[in-house]
Protein chains: 4
Amino acid sequence: MIQAQTKRRLKQTNHGTKILEAAESIFAEKGFYLTTVEEIAQKADLGKGTIYLHFENKRGLFLSVIERKLDILLKKIERGIKKGKSPAEKIRLATEIHLNFLEKNRNFFKIIHIFSNQFKKGMGEELFKKVAAKNSRYLEILQDLIEQAIKGGEIKPLNSKKLAVILVGIVHSLTVYWISQNEKGSLFKDHLLAWEIFWEGAKAL
Amino acid sequence: MIQAQTKRRLKQTNHGTKILEAAESIFAEKGFYLTTVEEIAQKADLGKGTIYLHFENKRGLFLSVIERKLDILLKKIERGIKKGKSPAEKIRLATEIHLNFLEKNRNFFKIIHIFSNQFKKGMGEELFKKVAAKNSRYLEILQDLIEQAIKGGEIKPLNSKKLAVILVGIVHSLTVYWISQNEKGSLFKDHLLAWEIFWEGAKAL
Amino acid sequence: MIQAQTKRRLKQTNHGTKILEAAESIFAEKGFYLTTVEEIAQKADLGKGTIYLHFENKRGLFLSVIERKLDILLKKIERGIKKGKSPAEKIRLATEIHLNFLEKNRNFFKIIHIFSNQFKKGMGEELFKKVAAKNSRYLEILQDLIEQAIKGGEIKPLNSKKLAVILVGIVHSLTVYWISQNEKGSLFKDHLLAWEIFWEGAKAL
Amino acid sequence: MIQAQTKRRLKQTNHGTKILEAAESIFAEKGFYLTTVEEIAQKADLGKGTIYLHFENKRGLFLSVIERKLDILLKKIERGIKKGKSPAEKIRLATEIHLNFLEKNRNFFKIIHIFSNQFKKGMGEELFKKVAAKNSRYLEILQDLIEQAIKGGEIKPLNSKKLAVILVGIVHSLTVYWISQNEKGSLFKDHLLAWEIFWEGAKAL
DNA sequence: AATGAATGAGTCTTCATTCAT
DNA sequence: GATGAATGAAGACTCATTCAT
């Protein structure tokens, strides 16, 4: 009896995850509009209708794909930077973790990139806002750390938000480049480069 | 008779431009897939069929929108950097021109951003390659300048391509931020910030 | 053991009735096509699959809803008109019972109304015919009575079937009106009006 | 040039009408839900998309089918009853015209019958209200005439609205019967029967 | 050249029905 | 018996593209 329950629950969980993973890879490959629900269902070895038992609609599925990964990334970063002793070191750790995650989750990065572009109009509801909020959470964490570093005299007194934006921009541009090069070599190694440019550029004299 | 011909040709040219401009603003607002040809035609005060006299299809129109602007930007940059005396100054000028252009052509930036995401699949032909090439031309120019600066001892001997990627990434992330802030203040002013971070981070000790 | 069996059988019977009653109210509210089996199951506090243990399919359930009520109505009428002494009085009694029943079973009337419209095509089988037959049984009863009244000189020698149709039409139109007025006042009271019009219009001079 | 314009306009008009007529017959045959837009398009010898150039959606088409016919019927009745000298005669004329129209437009009647049942929920907008209003316009005309007849002492002082409802009910029930009999004989001839029952039943003593 | 009516391929989404548990 | 997760057929509707005028 317990066995059966467990099995069923596992099965369900698996379905949700199976769908999210199938969706992730196809959305990453083709973008939101060229991806069909049918295709996702096939890749997940499920009927089309089953998708709709787990997600309200195609859009909801797309947002869920993002939400799931953002949660994981944020948790990793929040946990990881605790090891850093100074704000500066924490920032470096965040960059390192971020690039490491993107290397292992290239699909996710592609999707995040899509996200910011494909939903210009017609948003506004619950889930979208939640995802958008999570999306900018990382930026806030960085901004906080930068502010602390500025107060501690480690970083020049520049606009902390813009510095955070720049650091993320550096990380993203390296990722885009890495992906465009068909992902040769390790993206993770670039965290030192990213960090060096940012740090030397921003540190107090 | 010649008059009439001339007039007609002018008109045509105007049509092409009218369409490109209408398309630019709508693509920027709604992305590729949510934009309908009908809408573009209306904004251009033309019949839907007329669009197809000037562009092969919706996709071709989209690429043409990009191509036109990239041509202008590249010309501006190539011309502008001639005034710089050292590679370093040329790089700074390029950044300045780039941000200045993006500020004045926010629509274009949005479209470029879309470009890199919405055409994952089904590319391969002529026009697309041309646009992709132009798109990376700026990167090449920067890479060249950075290589020269490295040779001249102005910049640390790092990977020149990645440094170019990072610089463009800084510019783009600031632009995205500026747009997300509803374009308050001048984006152009940020070129000093972008430059400072990059230069201090990359310059030889 | 016997107890258990009995309980179970009772339970089953209850299930059938529970489903029929849930179905009746929802079909009445939303019509056949806008009603989902899921909804009926929920209202009946049962699983969706359970519906299919008791009825062949949605259509069969719909027809069963009608059949059950028609049985009750016909029995009431057949029993009730026995008290009438002349055919004329029996007709009046039938009208009275009919309107009384409709007042107390508005849902049923709405469903009957749907019935005649929503199954234009794809009928032909057993159950449908049975329901259609029952549906016209009342008309036959009336026609018989009218024929007797004609023979007895109480009613003008007009087409008895059409007279029956007219009488039912009067009853139905008053019911529709009553329902459209949000069922204010008593529909039952109108039986005198219905009867007066019909009787004065049809009675022999 | 004028030829061309005319031809085109005629063509358009024809399309609208062709669609309405195709829709009328199929809706009448199968009801709203079992009718597919595809089917209507085929019957009208047009592409599916063309339907949507002329009507907002399936529902709008359905309502338009009704609206068109109701307009014609109401005009006929309003014009026709002018010939009557007394309210009573006008009422008789209205009944005559009504039955005559239903005989010639059986499809329309079937659709009207559907109308009142299939749109229980989810209405509320413009077109629906307009159609509903037109639908009850005939009832109002009758009610007015009956009130005049009551004032003139031709008809007993009963509830004029209910009398109108009853008269329409008689007409409709005869039509339903006639249709159920596969439309043998002339429905039109029944107007005398309908009138006799109603008039003898309602007239002042 | 310019138009816009016509087209139908393509997609999301719903829901009756089945069947493993 | 009872369940409800899974299915996929079916259908409304959109929109890029064509082509007769």
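Predicted model only: the values in this text are computed from it and were never measured. Below, chains carry the letters A, B, ... as their sequence lines are ordered, and counting in each starts from 1.
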Under the 3.5 angstrom rule, does the side chain of [X] hit a backbone N or O of [Y] as a donor-acceptor pair?
X	Y	answer
N105(B)	F108(B)	no
E39(D)	T36(D)	yes
K130(C)	E67(C)	no
K58(A)	T35(A)	yes
T50(D)	L46(D)	no

key: Salt-bridge contact K134(C)-D71(C) (side-chain N to carboxylate O under 4.0 Å)   = yes
Can you check whether [X] has a side-chain N or O nearer than 4.0 Å to OP1 or OP2 of [N]?
X	N	value
T50(B)	dT3(E)	yes
H15(D)	dA5(E)	no
H54(A)	dA5(F)	no

Please state how far atom [atom1] in [X] lies from atom [atom2] in [N], giving the value in whole angstrom units.
X	N	atom1	atom2	answer
F32(D)	dA12(F)	CZ	C1'	10 Å
K48(C)	dT7(F)	NZ	C1'	11 Å
I51(B)	dT18(F)	CD1	C1'	15 Å
K58(C)	dT18(E)	NZ	P	15 Å
D45(A)	dA5(F)	CG	C1'	16 Å
I26(D)	dG11(F)	CD1	C1'	15 Å
I40(D)	dA6(E)	CD1	P	17 Å
N57(C)	dT17(E)	CG	P	5 Å

On DNA chain F, more 5' by nearest nucleotide between G49(B) and G49(C) is G49(C)
Of Y52(D) and V37(B), the one whose closest nucleotide on DNA chain F sits nearer the 5' end is Y52(D)
Heavy-atom nearest nucleotide on DNA chain E taken for E38(A) and for G47(B); more 5' hit belongs to G47(B)
TODO: Please state whether the rings of F27(B) and F32(B) are parallel, tilted or perpendicular, taking 30° and 60° as the class boundaries.
DONE: parallel
Of the listed dT11(E), dA2(F), dG11(F), the closest approach to the T36(A) side chain comes from dT11(E)
Picking from dT17(E), dA10(F), dT7(E), the nucleotide nearest the side-chain atoms of L53(D) would be dT7(E)
Dot-bracket for DNA chain F, 5' to 3', Watson-Crick and G-U pairs with both distances under 3.5 Å, [ ] for crossing pairs, | for partner on another strand, reads .||||||||||||||||||||
**Asked** L46(B) near the nucleic acid: base, sugar-phosphate alone, or nothing, with a heavy-atom cut-off under 4.0 Å?
**Response** sugar-phosphate
